[in-house]
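These numbers come from the heavy atoms of this one structure, side chains and all, not from hydrogens, waters or symmetry mates. Just so we're on the same page: letters track the sequence lines, and every chain starts at 1.
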There are 2 protein chains.
Amino acid sequence: MSKDTSLDACEAPCLHLDRVDQVRAGMLTDEAAEGLAEIFGLLGDRTRVRILHALSLGELCVCDISAVLGTTSSAVSHQLRLLRTAKLVKARKEGKNVYYTLDDEHVRQLFAQGLEHVQER
Amino acid sequence: MSKDTSLDACEAPCLHLDRVDQVRAGMLTDEAAEGLAEIFGLLGDRTRVRILHALSLGELCVCDISAVLGTTSSAVSHQLRLLRTAKLVKARKEGKNVYYTLDDEHVRQLFAQGLEHVQER
DNA sequence: CAAACAAGTGAGCAACTATTCATATGAGTA
DNA sequence: TACTCATATGAATAGTTGCTCACTTGTTTG
């Protein structure tokens, strides 16, 4: 049964209806696609990649991170907020400083996987 | 010895010079960071995620893909060009149609890893 | 050859994003 | 209390990006 495949009923100019239906059945849900795009998008920025990689080497405060990257602490802080919101990093306050660490083991693995891809070309 | 850590020599208002130097030593090269950001950035879009996932289920032509996603074939074609340039997908021409397949096993693994992250929250 | 269709592409536009700058908050310190 | 410094944040700006629309290319078919 299943419900109507809407689009292809009225306008089927091309082909492979069987394949299309089959793929549709195994397709990602919207939320899954959105979630994937979100996490990958977060990793898809040079600055954030460097921040995350730096944190993978150990705990650092904002000021350390900006020193490592050679950018302003404001820029770093903005990016850290995104990473914090997405639960990729964790903050710990101590006196005037805020220390950040990775908060997601997946990130480490994604990094390793991604590096393999990059190096192998 | 090592060379001067440039920035912090003149302006070292904050702290943890030891840690900063240590992290700098283990830091990603610029190319590696750029490469990682590039691949993750490509995966960081809802449309491309869906295209790649569809292709992970089997070979499809442009027209099939746009039917699956419910978008124009032009939009799909534009995205496919990016994916082709980055060697993430491979094209095979047959008559009027062009059939695409995944061209990178890493992508499949990254997807799996990413999905784990997404589902686990 | 002409018509039809799949796919690719450039220009233009709207939406998004990363940085900078100015400022705010809040903790340590004189 | 007043000052300094680390961090956070809002607004503005410059750059990027994804889509649409119009058009081109190239292939099949009448």
Take the protein atom [atom1] of [X] and the nucleotide atom [atom2] of [N], then report the distance between them rounded to whole Å.
{"X": "A/R92", "N": "D/dA6", "atom1": "CZ", "atom2": "C1'", "value": "15 Å"}
{"X": "B/R81", "N": "D/dT20", "atom1": "CZ", "atom2": "C1'", "value": "15 Å"}
{"X": "A/F40", "N": "D/dT17", "atom1": "CZ", "atom2": "C1'", "value": "19 Å"}
{"X": "B/N97", "N": "D/dG26", "atom1": "CG", "atom2": "P", "value": "17 Å"}
{"X": "B/L69", "N": "D/dT20", "atom1": "CG", "atom2": "P", "value": "12 Å"}
{"X": "B/R50", "N": "D/dC19", "atom1": "CZ", "atom2": "P", "value": "10 Å"}

Using distance alone, with no hydrogens and no angle criterion, decide if B/Y100 and B/R84 have a side-chain donor and acceptor under 3.5 Å apart.
->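 Yes, side-chain donor-acceptor contact under 3.5 Å.
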How about A/H16 and B/Y99: are their ring centres within less than 6.0 Å of each other?
->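 Centroid separation for A/H16 and B/Y99: below 6.0 Å.
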With respect to the phosphate group of C/dG8, does any side-chain polar atom (N or O) of B/Y100 fall under 4.0 Å of OP1 or OP2?
->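 For C/dG8, OP1 or OP2 has a side-chain N or O of B/Y100 closer than 4.0 Å.
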Decide salt bridge (charged side-chain N to carboxylate O under 4.0 Å, His left out) for A/D104 and A/K90; before the verdict, give the C-alpha distance in whole Å, the side-chain angles of both, and the deciding distance to 0.1 Å.
-> CA-CA 9 Å; A/D104 191 318; A/K90 199 167 35 184; over 6 Å; no
Under 4.0 Å between any heavy atoms, over every strand shown, what does B/Y99 touch: base, sugar-phosphate, or nothing? Just pick one.
->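 No contact.
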Which class fits the ring pair A/H106 and B/H117: parallel under 30°, tilted 30 to 60°, perpendicular over 60°?
->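 Ring orientation of A/H106 relative to B/H117: perpendicular.
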Applying salt bridge (charged side-chain N to carboxylate O under 4.0 Å, His left out), run through A/E59 and A/R92 and close with a yes or a no.
-> CA-CA 10 Å; A/E59 188 182 60; A/R92 173 178 73 82; 2.9 Å; yes
For B/L43 and B/R48, what are the C-alpha separation, side-chain angles and deciding distance, and is it a side chain to side chain contact (heavy atoms under 4.5 Å, CB included)?
-> CA-CA 6 Å; B/L43 297 175; B/R48 285 191 295 268; over 6 Å; no
Do B/L60 and A/R19 come within less than 4.5 Å of each other through their side chains, counting heavy atoms only?
->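 Yes; the side chains approach each other to less than 4.5 Å.
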Between CG of A/D45 and CG of A/L52, what distance do you get to the nearest 0.5 Å?
->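 Nearest 0.5 Å value for the CG-CG distance: 10.0 Å.
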Do any of residues 52-62 of chain B sit with a heavy atom less than 4.0 Å from DNA chain C, and if so which?
->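 Hits under 4.0 Å, by residue number: B/C61, B/V62.
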Give the B/S/- string for nucleotides 17-30 of chain C, one per nucleotide from 5' to 3', where a protein heavy atom under 4.0 Å of the base yields B, of only the sugar-phosphate yields S, and otherwise -.
-> -SBBBB----BS--
Check: A/R46 side chain, B/L36 main-chain N or O, donor-acceptor pair, under 3.5 Å |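 Not a single qualifying donor-acceptor pair exists.
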